[in-house]
Amino acid sequence: MFKGKKVIEVSGNSKMPIQQIKDQLVMNFLSWGKHFLIVFKTFAVRIHFMLFGSYLINDEKETKPRLSLRFNNGVINFYACSVKFIEEKLDEVYDWSCDVMSPLWDPDNAKRKLKANPAMMVCDALLDQNIFSGVGNIIKNEVLFRIKVDPRSIISKMPLKKINEMIRETRKYCFQFLEWKKAYVLKKHWLAHTKKICPRDNVPFTKKHLGKTNRRTFFCTSCQILYA
DNA sequence: CCGGTTGTTCAGCG
DNA sequence: GCGCTGAACAACCG
């Protein structure tokens, strides 16, 4: 819709020098994991929606947009998001093969990166955007429950077969997540995230803040195996 | 009304 | 320079 179009007006409460965008042609829209990229000729604008961000096309909210781009055929408004400029070539900034949902996703590359981090806890590995770009905390909890792996497990102690299964199931679950999200039925399909009782063993889940980033982690010490 | 969070970055400290 | 912690951001839910 706006690809190839010229930005005729820029506004927003972003502290970045967004007026640079005025009169620029949109070359492309791309994504890398949780990053949404608006590509212009000599730079790109990186939008990260964080926890609460949103966007609207030809529509607006009560709150002021962080960034608003007007074209001759419509407008796009971004709210509560982080806006950054990328001056480097995108291929130098992004490893497209670690975007879990990209056609360029390379499971062997993920495996290599995991092997290079033998002491890592698996809950940190799944949240590492340089290994599994796009995976977040909900997906972390759900994938680990589905493959029956304790989040505190250490990468080097996990059987190669489990590593392979994790890489495979992570990508698969991300696509499933998107389908449920689009149908507004995501929450009801959670098996572990925010749950109190394990649906497999009917015992209480453990809830702990784990890993380098201390994120909420829900797991079952009965059916999820600890490799340590 | 308060506490918590699907996420990331940065300042400050040891 | 490092790793760690807490703050900041900001919208919505229970």
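Given the structure is predicted, the values throughout are model-derived calculations rather than measurements. Letters A, B, ... are given to chains in the order of the sequence lines, protein chains preceding strands, and every chain is numbered from 1. Side-chain atoms are counted along with the backbone in the values below, which use heavy atoms only and exclude waters and symmetry mates.
Contact check on A:R152 versus A:D150 returns a salt bridge, with a Lys/Arg side-chain nitrogen under 4.0 Å from an Asp/Glu carboxylate oxygen.
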Checklist entry - In dot-bracket notation, what is the pairing pattern of DNA chain C, taking Watson-Crick (N1-N3 plus N6-O4 or O6-N4) and G-U wobble (N1-O2 and O6-N3) contacts under 3.5 Å, with [ ] crossing and | for other strands? => result .||||||||.||||
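Proximity note for A:T63 (side chain, C-beta onward) versus B:dT5, B:dT6, C:dA11: the nearest is C:dA11. The side chain of A:K84 lies closest to B:dC10, out of B:dT6, B:dC10, C:dC12. The listed nucleotides are B:dT5, C:dA10, B:dC10; the one nearest the side chain of A:A80 is C:dA10. Nearest to the side-chain atoms of A:R66 among the listed nucleotides B:dC10, B:dT8, C:dA10 stands C:dA10.
Spacing between atom NZ of A:K187 and atom C1' of C:dC13 amounts to 7 Å, rounded to whole angstrom units. When rounded to the nearest whole Å, the span between NE2 of A:H48 and C1' of C:dC9 equals 13 Å. When rounded to the nearest whole Å, the span between OH of A:Y79 and P of C:dC9 equals 20 Å. Going from atom CD of A:E142 over to atom P of B:dT6 covers 12 Å, rounded to whole Å. We find that CG of A:L56 is positioned 13 Å from P of C:dA11, with the value rounded to whole Å. To the nearest angstrom, C1' of B:dT6 lies 12 Å from CD of A:Q129. Across the protein-nucleic acid pair, A:L67 atom CG and C:dC9 atom P stand 19 Å apart, rounded to whole Å. Residue A:L51 contributes atom CG, which lies 6 Å from atom C1' of B:dT5 at whole-angstrom precision.
Qualifying salt bridge (Lys or Arg N to Asp or Glu O under 4.0 Å) partners for A:K182, counting only residues two or more places apart in sequence or in other chains: A:E179.
Note on ring orientation: taking the six-membered ring where Trp is involved, the planes of A:H189 and A:W180 are parallel (angle under 30°, cut-offs 30° and 60°). A:W190 and A:H193 have perpendicular rings, their planes meeting at more than 60° on a 0 to 90° scale where under 30° would count as parallel.
The ring pair (Phe, Tyr, Trp, His ring centres under 6.0 Å) pairs that include a residue from residues 142-177 of chain A are A:F145-A:F205, where partners are two or more places apart or lie in different chains.
Mapped onto DNA chain C by nearest heavy atom, A:C81 and A:N214 fall at different nucleotides, with A:N214 at the one closer to the 5' end.
Backbone-only contact: A:K34 has heavy atoms under 4.0 Å from sugar-phosphate atoms and none from a base.
The phosphate of B:dG7 has neither OP1 nor OP2 within less than 4.0 Å of any side-chain N or O from A:H35. Taking 4.0 angstrom as the limit, A:R216 places none of its side-chain polar atoms (N or O) nearer than this to OP1 or OP2 of B:dG4.
Checking A:H35, A:H48, A:R46 one by one against A:S82, the side-chain hydrogen bond (donor to acceptor under 3.5 Å, both in side chains) holds for a single residue, A:R46. A side-chain contact (heavy atoms from CB on, under 4.5 Å) with A:V45 is found for one member of A:V83, A:L69, A:I18, A:V26 and no other, namely A:V83.
Counting non-hydrogen atoms of neighbouring residues, nucleotides and ligands closer than 6.0 angstrom, the CG atom of A:D59 exceeds 12 such neighbours.
For the C1' atoms, the distance from C:dC4 to B:dT6 is 24 Å, rounded to whole Å. For the P atom pair drawn from B:dG3 and C:dA8, the interatomic distance equals 16 Å after rounding to whole Å.
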